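Values in this document were obtained by computation on a predicted structure and should not be read as measured data. Residue numbers run from 1 in the order of the sequence given.
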Amino acid sequence: MLSRRQKLILLKFFSLFSVVRGYNILVVVIAQYLASIYIFAPDRPIKEVLFDVNLLMLVLASSATIAAGYIINNFYDSEKDLINRPRKTMLDRLVSQNTKLSFYFVLNFLALVFASYVSFRTVIFFAIYIFAIWLYSHRFKKQPMTGNLVSAILTVIPFFAIFIYYRNFELVIFAHAIFLFLLVSMRELTKDLENLKGDLALDYKTVPVVYGEKTSKTILTILVIFTIVSAVALILFFNIGHMFYFFYLSVMLLILFLLILWKSNKKTHYLILHNILKFIIVAGVFSILLIDSSIVLNRI
């Protein structure tokens, strides 16, 4: 049996894990390594990629920066989240704001330490990234369209760091990046619809608040069409191995997304839509393995 103090420590650990969204960071780490093996450096032996210390430092710097970003975002959105996500907020509040801020600075410092192992340019890159995340949480998040665009860009940046490291400028990489960027943009706008109540209460100038739900749905429809087009382009014009199964599935799910979207008028409906997009993104990470199933055998 755990003592009361041990239970409290355990609860605070889960609270901090919830704040930094550790499960999201784990998915990003897996995505960065899979993308490195199958997309960014497909000609290098797997061992060379997996045991590349520079890559490890880039991944650790990205993870620390993203975790810090979630903390500062949680700090600024604490009142809004109390309205939109009361249960999660109660768990998050087990850790004080001062403790969260302390972790925020420690994580950003660690990110720069990890980056310094790679190069001074990498330190500058992550310093700008850290500042951009703070600026988004402090200012851009409350602005319509700009906030969604900046959030989508910030989500893709950790992969951009790996892309610059390997200096692989093949067109297929940009095609994957466009698909991911469109999905993330859709997810951000769907989250705005899901969190409309809290945004209205605290005067967040999101797209649904400023332009209404119908306009938001129209924008989402346009984004869905562009995303489907990008998926079809990847299937038809690029060598993606058996990953085409994932893109066919994505197209079907996006059509389902549209059907549900125009019938949605409740928070629970938008939550379903949000989860569809999250599933596509996470499934996309693991479907990278389908690009070439023989890679693991041939490149070890």
Verify the ring-centre separation between F179 and F247: is it less than 6.0 angstrom?
yes
Measuring only between side-chain heavy atoms, which start at C-beta, is [X] closer than 4.5 Å to [Y]?
| X | Y | answer |
| --- | --- | --- |
| H176 | I240 | yes |
| L55 | Y33 | yes |
| I71 | F105 | no |
| L254 | I280 | yes |
| I153 | F181 | yes |
| L249 | F279 | yes |
| L60 | L56 | yes |
| I276 | I260 | yes |

Full working for side-chain contact (heavy atoms from CB on, under 4.5 Å) between Y70 and N24:
CA-CA 10 Å; Y70 280 129; N24 283 357; 3.1 Å; yes
Using ring-ring contact (aromatic ring centres under 6.0 Å, His included) as the criterion, list what pairs up with Y211, not counting sequence neighbours.
none
If the condition is ring-ring contact (aromatic ring centres under 6.0 Å, His included), which residues does F174 pass it with, not counting sequence neighbours?
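Result, ring-ring contact (aromatic ring centres under 6.0 Å, His included) vs F174: F163.
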State whether the number of non-hydrogen atoms from other residues, nucleotides or ligands found under 6.0 Å of [X] atom [atom1] is greater than 12.
| X | atom1 | value |
| --- | --- | --- |
| N239 | CG | no |
| F238 | CZ | yes |
| K217 | NZ | yes |

Apart from F120 itself, what residues make up its hydrophobic cluster when side-chain heavy atoms of I, L, V, M, F, W and Y under 4.5 Å apart count as a link, directly or indirectly?
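Via sub-4.5 Å side-chain contacts, F120 links to I124, I128.
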Answer yes or no: is there a donor N or O on one side and an acceptor on the other, between the side chain of [X] and the main chain of [Y], under 3.5 Å?
| X | Y | value |
| --- | --- | --- |
| D52 | E48 | no |
| H138 | W134 | no |
| Q32 | P158 | yes |

Kindly assign one of parallel, tilted or perpendicular to the pair Y248 and F244, based on the angle between their ring planes and the thresholds 30° and 60°.
perpendicular
Classify the ring geometry between Y166 and F40 as parallel (under 30°), tilted (30 to 60°) or perpendicular (over 60°).
parallel
Are K267 and N195 close enough, and set up right, to give a side-chain contact (heavy atoms from CB on, under 4.5 Å), and what steps lead you there?
CA-CA 8 Å; K267 180 182 173 70; N195 298 330; 3.9 Å; yes
Are I178 and T227 close enough, and set up right, to give a side-chain contact (heavy atoms from CB on, under 4.5 Å), and what steps lead you there?
CA-CA 8 Å; I178 289 169; T227 308; over 6 Å; no
Calculate, to the nearest 0.5 Å, the distance between atoms [atom1] and [atom2] belonging to [X] and [Y] respectively.
| X | Y | atom1 | atom2 | result |
| --- | --- | --- | --- | --- |
| L289 | I37 | CG | CD1 | 8.5 Å |
| T190 | I272 | OG1 | CD1 | 12.5 Å |
| I288 | F246 | CD1 | CZ | 9.0 Å |
| I228 | L253 | CD1 | CG | 10.5 Å |

Under 4.0 Å between a side-chain nitrogen and a carboxylate oxygen: does that hold for K191 and E194?
no
Is it the case that one hydrophobic cluster holds both [X] and [Y], taking links as side-chain heavy atoms less than 4.5 Å apart, direct or via other members?
| X | Y | answer |
| --- | --- | --- |
| I225 | L277 | no |
| V53 | V113 | no |
| F109 | Y117 | no |

Taking it one step at a time, do K278 and I281 satisfy side-chain contact (heavy atoms from CB on, under 4.5 Å)?
CA-CA 5 Å; K278 282 174 69 176; I281 292 171; 5.8 Å; no
